[in-house]
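Remarks on the structure that follows.
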Amino acid sequence: MIPMSFDYERPETADGALQLLAEHGDDAKLLAGGHSLLPLMKFRLATPEVLIDVGRLTELSYVRVDGDAVAIGALTRHCELTDSGVLQTEAPLIAHAAGLVGDPQVRHRGTIGGSISHGDPASDLPTAVLATGAVLVVRGPNGTREIDAADFFVGFLETALEPDELLVEIRVPRAAGVGWAYEKFVRRSNDWAIVAAAAVDGRVALANMGGTPLRATATERALADGADTRAAADLAAEDTSPVADMHAGVEYRKHLARLLTRRALDRAAS
C-alpha cells in the first residue's frame with residue numbers, strides 16, 4: 001500500500017527537531033532509518049501528517065567511553081555498532097546483537113535509537129540494551145532526563161518517551177572481560193526472533209515472550225541466590241506472556257525461553 005500524504009521536515013540540529021515536535025505535537029513522527037516507521041505507514045497503521053527526518057543529525061551518531069559507561073548516540077547505525085572497537089571491548093553484547101539485525105541493507109540504514117524507540121518485543125537491540133542495564137537519555141522541552149532500560153518499555157510498541165521528546169543517547173555500563181551471550185532462535189538468519197535470550201553480569205533479558213522485551217527476573221533471583229545455570233534457566237518463562245502465532249505456540253515459546261536462557265548462561269559463564 002501507499003502511505004497517506006504527509007509534510008516533510010529535515011532539521012539540522014537536535015534542538016531543531018524538538019522545536020518541530022513541539023510545533024506539530026501528535027501529528028508528527030520522527031524518522032531515523034525508517035525501517036520501523038515506514039512499514040507501519042504503508043499499512044496505514046501510522047498516519048503522521050508531518051515526518052521529521054533526524055537521520056542526518058551527525059551530532060547524535062557516536063560511540064565513546066564516558067566514565068563507567070559507553071555512550072552511544074541514538075542515531076548511530078547498526079553497522080557502526082557492529083564495527084565499533086569500543087563496543088567490542090567494553091559492551092560486546094551490543095555489538096553482537098547489532099550484527100544480527102536484518103540484512104546488510106537494514107544494518108546500514110537502521111539506527112539503535114530508532115529500534116529502541118519503536119520498542120518491538122521481538123527486536124534484538126531493545127533486548128540487548130535491557131540485559132546490559134543501560135540508561136536511556138531523552139531530551140524534551142523541559143530538558144534532559146534519564147530512564148532505566150527496565151522502565152523504558154511499557155507496552156506493545158509503546159515506550160516511556162513523551163510525544164515531544166527525543167531519545168538522544170544510550171549509556172551502557174562498561175563490561176570489559178564480563179561474560180555475556182545472546183541466543184536467538186529464528187527460521188532464517190535475518191528474521192525477527194521467535195525467542196531470544198541475552199545474558200550478561202547476572203541479568204537475563206528475553207525477546208518475544210510478552211508485549212515488551214522482558215527481564216527473566218525469576219532466573220536472575222535464582223542466580224543471585226546461588227542456583228546453578230540449569231536450575232535458574234528452568235525459571236526463565238515465569239511471569240512471561242508469550243502469544244501463539246504462525247511461528248510458535250505458547251508452550252513452545254516457553255520451552256525456547258528456558259532452553260535459550262540455559263545456553264546463554266552457560267556461554268556467559270565459560
Side-chain angles (χ1 to χ4, degrees), residues 1-6 8-12 14 17 29-48 50-63 70 72-88 91-130 132 134 136 153 156-157 159 166-170 172 182-196 198 207-208 213 245-247:
M1 294 181 65
I2 299 174
M4 296 185 67
S5 62
F6 55 86
Y8 175 81
E9 299 279 0
R10 197 177 78 192
E12 297 183 357
K29 289 288 186 183
L30 293 171
L31 176 70
H35 290 288
S36 300
L37 178 59
L38 294 182
L40 293 178
M41 292 175 61
K42 288 181 178 180
F43 284 105
R44 307 282 175 100
L45 298 175
T47 56
V50 180
L51 277 188
I52 303 172
D53 186 349
V54 296
R56 301 186 188 183
L57 298 185
T58 57
E59 66 183 282
L60 298 182
S61 177
Y62 54 84
V63 179
V70 178
I72 306 171
L75 294 182
T76 308
R77 301 194 186 279
H78 304 321
C79 62
E80 296 168 332
L81 301 174
T82 303
D83 294 339
S84 168
V86 171
L87 284 178
Q88 290 170 9
L93 173 59
I94 300 297
H96 177 76
L100 300 177
V101 177
D103 55 28
Q105 288 180 310
V106 170
R107 292 193 291 273
H108 279 77
R109 286 297 303 164
T111 65
I112 185 172
S115 178
I116 293 172
S117 298
H118 186 54
D120 194 309
S123 189
D124 298 299
L125 282 169
T127 305
V129 164
L130 183 60
T132 64
L136 308 178
F153 306 105
F156 182 69
L157 304 185
T159 71
L166 172 66
L167 175 61
V168 294
E169 186 175 271
I170 299 91
V172 180
Y182 188 70
E183 294 288 335
K184 178 181 179 182
F185 187 79
V186 293
R187 293 180 61 201
R188 300 171 300 179
S189 61
N190 61 346
D191 280 348
W192 300 95
I194 295 175
V195 175
N208 223 354
D245 59 20
M246 63 182 292
H247 302 298

Report summary line: Those residues at least two apart in sequence (or on a different chain) that pass salt bridge (Lys or Arg N to Asp or Glu O under 4.0 Å) with Asp53 are none

Query - Residue list, side chain to side chain donor-acceptor pair (under 3.5 Å) with Glu183, at least two apart or on another chain - result: Arg267

Query raised in the report: Under the 3.5 angstrom rule, does the side chain of Glu9 hit a backbone N or O of Val50 as a donor-acceptor pair?
Result: no

Report task. Quick one: list whatever passes side-chain contact (heavy atoms from CB on, under 4.5 Å) with Glu80, sequence neighbours left out. Result -> Ser61, Thr76, Arg77

Requested in this report: Tell me, please, which residues at least two apart from Ala32 pass side-chain contact (heavy atoms from CB on, under 4.5 Å).
Outcome: Val54, Leu75, Thr111

Query raised in the report: Excluding sequence neighbours, so at least two apart, what forms side chain to side chain donor-acceptor pair (under 3.5 Å) with Asn190?
Result: none

Query raised in the report: Taking all non-hydrogen atoms of both residues, which atom of Thr82 and which atom of Gln88 are closest, and how far apart?
Result: O-NE2, 2.9 Å

Less than 3.5 Å apart, which donor and acceptor atoms pair up between the side chains of residues 91-105 and the rest of the protein, not counting sequence neighbours?
| from | atom 1 | to | atom 2 | distance (Å) |
| --- | --- | --- | --- | --- |
| Asp103 | OD1 | Gln105 | N | 3.2 |
| Asp103 | OD1 | Val106 | N | 3.0 |

Query raised in the report: Can you name the closest pair of heavy atoms from Leu57 and Pro11 and give their distance?
Result: CD2-O, 3.4 Å

Report summary line: The side-chain contact (heavy atoms from CB on, under 4.5 Å) partners of Asp83 (sequence neighbours excluded) come to none

Query raised in the report: So do the side chains of Leu125 and Ile170 get within less than 4.5 Å of each other, counting heavy atoms only?
Result: no

Which pairs of donor and acceptor atoms, one on a side chain in residues 116-123, lie under 3.5 Å apart (sequence neighbours left out)?
| from | atom 1 | to | atom 2 | distance (Å) |
| --- | --- | --- | --- | --- |
| Ser117 | OG | Gly113 | O | 2.8 |
| Asp120 | OD1 | Ala122 | N | 2.9 |
| Ser123 | OG | Ser115 | OG | 3.2 |

Report summary line: The side-chain contact (heavy atoms from CB on, under 4.5 Å) partners of Val186 (sequence neighbours excluded) come to Lys184, Asp191

